[in-house]
Novice: 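My structure is below; once you've seen it, I'll send some questions.
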Amino acid sequence: MDFETLVFDIDGVRTAVKAIGSGPAVLALHGAATLEGHEWARGLADRFRVYLPFHPGFGESAAAPHIAGMQDMIVHNLRLVAALGLDRPHLVGHSMGGWMAAEMAAVTGERFGRLVLNAPAGLNHPDHPATDLAAVGPEALPGYLAHNVDVALRYFPGGSHCPPLEEFVAARDKEGKALERILTVHGMGHPNLGRWLSRIPNETLVVWGDRDRLLPASQTPIWVEKIPNARALVIPGVGHFAMQEDPRTVTAIGDFLVG
């Protein structure tokens with residue numbers, strides 16, 4: 001089964017969406033980079049139609065210089081859902097995409113089905129801080145993304161899932177600039193996100209790898225306590241790239257979405 005590429009003009013921004021599978025719709029939002037790709041979605045494709053948009057300025061989508069914070073991304077994604085013609089798709093978000101999905105659900109959760117927050121960023125809880133990536137050297141970064149470092153190394157230069165070095169560097173430069181625009185207001189989160197989570201009406205699964213060195217799994221109960229209809233799934237022996245390290249993570253997400 002191959003991925004399709006769908007292209008939309010969203011407020012003047014060429015927005016590319018990968019799609020695979022058949023069944024109920026799932027909108028899956030990636031994190032602060034696209035280096036790990038979207039192959040994980042094959043694990044849902046036998047039960048769902050999975051839509052994987054590239055955020056403006058990421059991957060195959062064009063740059064959007066007007067983006068000035070996460071709120072612009074929320075509006076962009078809601079317009080994209082309308083352009084796709086989706087009626088209450090399930091919503092899945094990883095890392096920064098989890099923060100994005102949480103804000104979307106807090107604002108307009110009735111437009112979505114079930115919600116999966118996979119190691120979500122955005123809460124910035126002082127007792128459970130995220131790692132400051134600015135203090136992590138590039139050689140050490142793979143060890144912060146996966147507990148099994150060999151899994152993360154696949155997506156870096158020299159790895160089996162990595163494009164040529166020149167393409168890799170260009171992609172990271174492009175996405176770094178786009179990320180700066182999203183984080184321009186409050187950084188990787190919002191000071192009031194914790195107050196908003198109680199507005200989320202969706203049945204929610206909070207997924208976390210217990211060896212996540214980037215965003216600590218100790219945040220899991222905080223998210224679960226604040227979202228009224230939430231439950232936790234902590235995956236043993238994996239890090240931030242839980243879906244890539246252990247395919248059973250994807251299967252469990254699919255089981256939850258089926259209900």
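Not measured: the values here are computed from a predicted model. Note: hydrogens, waters and symmetry copies are ignored here, and every other heavy atom, side chains too, is used.
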Novice: Should we count CZ of Arg199 as having more than 12 external heavy atoms under 6.0 Å?
Specialist: no
Novice: As an exercise, state the distance from OG of Ser95 to CG of Leu29, rounded to the nearest 0.5 Å.
Specialist: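 So the OG of Ser95 and the CG of Leu29 are separated by 12.0 Å.
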Novice: Between Asp72 and Ala68, is there a donor-acceptor pair closer than 3.5 Å when you use the side chain of the first and the backbone of the second?
Specialist: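 Yes, Asp72 side chain to Ala68 backbone: donor-acceptor pair under 3.5 Å.
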Novice: Is it the case that more than 12 heavy atoms not belonging to Lys226 sit under 6.0 Å from its NZ atom?
Specialist: no
Novice: Hey, could you give me the NZ/OG1 distance between Lys174 and Thr34, rounded to the nearest 0.5 Å?
Specialist: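 Atom-to-atom, Lys174:NZ and Thr34:OG1 are 8.5 Å apart.
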Novice: With a 6.0 Å cut-off (strictly less than), is the heavy-atom count around CG of Asp87, excluding the residue itself, greater than 12?
Specialist: no
Novice: Hey, quick one: are Met70 and Leu197 part of the same hydrophobic cluster, counting side-chain heavy atoms closer than 4.5 Å, chains of contacts allowed?
Specialist: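 Shared cluster, yes.
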Novice: Under the criterion salt bridge (Lys or Arg N to Asp or Glu O under 4.0 Å), I'd like the reasoning laid out for Asp255 against Arg248: C-alpha separation, chi angles, the key distance, then a yes or no.
Specialist: CA-CA 10 Å; Asp255 291 345; Arg248 290 176 296 181; over 6 Å; no
Novice: For the atom pair CG (Leu80) and OG1 (Thr15), what is the distance rounded to the nearest 0.5 Å?
Specialist: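 Those atoms lie 6.5 Å apart.
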Novice: Rounded to the nearest 0.5 Å, how far apart are CG of Leu141 and CG of Leu214?
Specialist: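 Interatomic distance, Leu141 CG to Leu214 CG, rounded to 0.5 Å: 8.0 Å.
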Novice: Hey, are Asp2 and Lys18 close enough for a salt bridge, meaning a charged N less than 4.0 Å from a carboxylate O?
Specialist: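 No salt bridge links Asp2 with Lys18.
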Novice: Going by atom types only, do His55 and Ser61 share a side-chain donor-acceptor pair under 3.5 Å?
Specialist: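 Result is no, nothing qualifies.
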Novice: Quick check: is Phe256 connected to Val26 through a chain of hydrophobic side chains (ILVMFWY, heavy atoms under 4.5 Å apart)?
Specialist: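 Shared cluster, yes.
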Novice: Are the charged groups of Lys177 and Glu180 less than 4.0 angstrom apart, N to O?
Specialist: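 A salt bridge is absent here (no side-chain N lies under 4.0 Å from a carboxylate O).
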Novice: Hey, what do you get for CE (Met188) to CH2 (Trp99), rounding to the nearest 0.5 Å?
Specialist: 6.5 Å
Novice: Should the pair Arg154 and Phe156 be classed as cation-pi, given the thresholds of under 6.0 Å to the six-membered ring centre and 45° from the axis?
Specialist: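 No; the conditions do not both hold, so Arg154 does not lie above the ring face of Phe156.
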Novice: Looking only at atom types and distance, does a side-chain atom of Asn202 sit under 3.5 Å from a main-chain N or O of Gly113, one as donor and one as acceptor?
Specialist: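 Pair found, side chain donor or acceptor close to backbone of Gly113.
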Novice: In terms of heavy-atom contacts, does CD of Glu110 have more than 12 from other residues, nucleotides or ligands at under 6.0 Å?
Specialist: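 Result for CD/Glu110: enclosed.
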Novice: Report the C-alpha separation of Tyr51 and Leu6 in whole Å, then their side-chain angles, then the decisive distance to 0.1 Å, and conclude whether the side-chain contact (heavy atoms from CB on, under 4.5 Å) test is met.
Specialist: CA-CA 9 Å; Tyr51 296 92; Leu6 312 175; 4.0 Å; yes
Novice: What distance do Asp46 atom CG and Ser22 atom OG have between them, rounded to the nearest 0.5 Å?
Specialist: 8.5 Å
Novice: Do the charged groups of Asp9 and Arg14 touch, with an N to O distance under 4.0 Å?
Specialist: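 No, this pair does not count.
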Novice: Is a side-chain donor or acceptor of Asp210 paired with a backbone partner of Gly237 at a separation under 3.5 angstrom?
Specialist: yes
Novice: For Leu215, does its backbone N or O pair with a side-chain atom of Trp208 as donor and acceptor, under 3.5 Å?
Specialist: yes
Novice: If you measure only the distance, is there a donor-acceptor pair under 3.5 Å linking the side chains of Glu39 and Gln244?
Specialist: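 Looking only at side-chain atoms, Gln244 and Glu39 do not form any donor-acceptor pair under 3.5 Å.
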Novice: Just do the side-chain contact (heavy atoms from CB on, under 4.5 Å) check on Arg231 and Val206 with the steps written out, would you?
Specialist: CA-CA 6 Å; Arg231 70 187 83 163; Val206 180; over 6 Å; no
Novice: Please work out whether the ring planes of Phe241 and Tyr155 are parallel, tilted or perpendicular, with thresholds of 30° and 60°.
Specialist: perpendicular
Novice: Is it possible for you to say whether Leu91 and Leu193 belong to one hydrophobic cluster, with membership spreading through side-chain heavy-atom contacts below 4.5 Å?
Specialist: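 Result: yes, single cluster for both.
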Novice: Between the main-chain N or O of Ile227 and the side-chain N or O of Ser198, is there a donor-acceptor pair closer than 3.5 Å?
Specialist: no
Novice: Pair Arg114, Leu205 - check side-chain contact (heavy atoms from CB on, under 4.5 Å), show working.
Specialist: CA-CA 8 Å; Arg114 292 193 167 203; Leu205 182 68; over 6 Å; no
Novice: Counting heavy atoms not belonging to Arg79, are there more than 12 under 6.0 Å from its CZ?
Specialist: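 Counting other residues, nucleotides and ligands, CZ of Arg79 stays at 12 neighbours or fewer.
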Novice: Do you know which two heavy atoms are closest between Pro228 and Ile200, and how far apart they sit?
Specialist: CD-O, 3.5 Å
Novice: Centroid separation under 6.0 Å, is that true for the rings of Phe112 and His90?
Specialist: no
Novice: Find out if a path of hydrophobic residues (ILVMFWY) with successive side-chain heavy-atom gaps under 4.5 Å connects Val13 to Val17.
Specialist: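 Val13 does not cluster with Val17.
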Novice: Classify the ring geometry of His190 against Trp196: parallel below 30°, tilted from 30° to 60°, perpendicular beyond 60°.
Specialist: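 Rings of His190 and Trp196: tilted, 30 to 60°.
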Novice: If you take the centroid of each ring, where Trp contributes its six-membered ring, are Tyr144 and His240 closer together than 6.0 Å?
Specialist: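 Not under 6.0 Å, so no.
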Novice: Checking side-chain contact (heavy atoms from CB on, under 4.5 Å) for the pair Thr249/Val207: CA distance, chi angles, key distance, verdict?
Specialist: CA-CA 8 Å; Thr249 306; Val207 180; 3.9 Å; yes
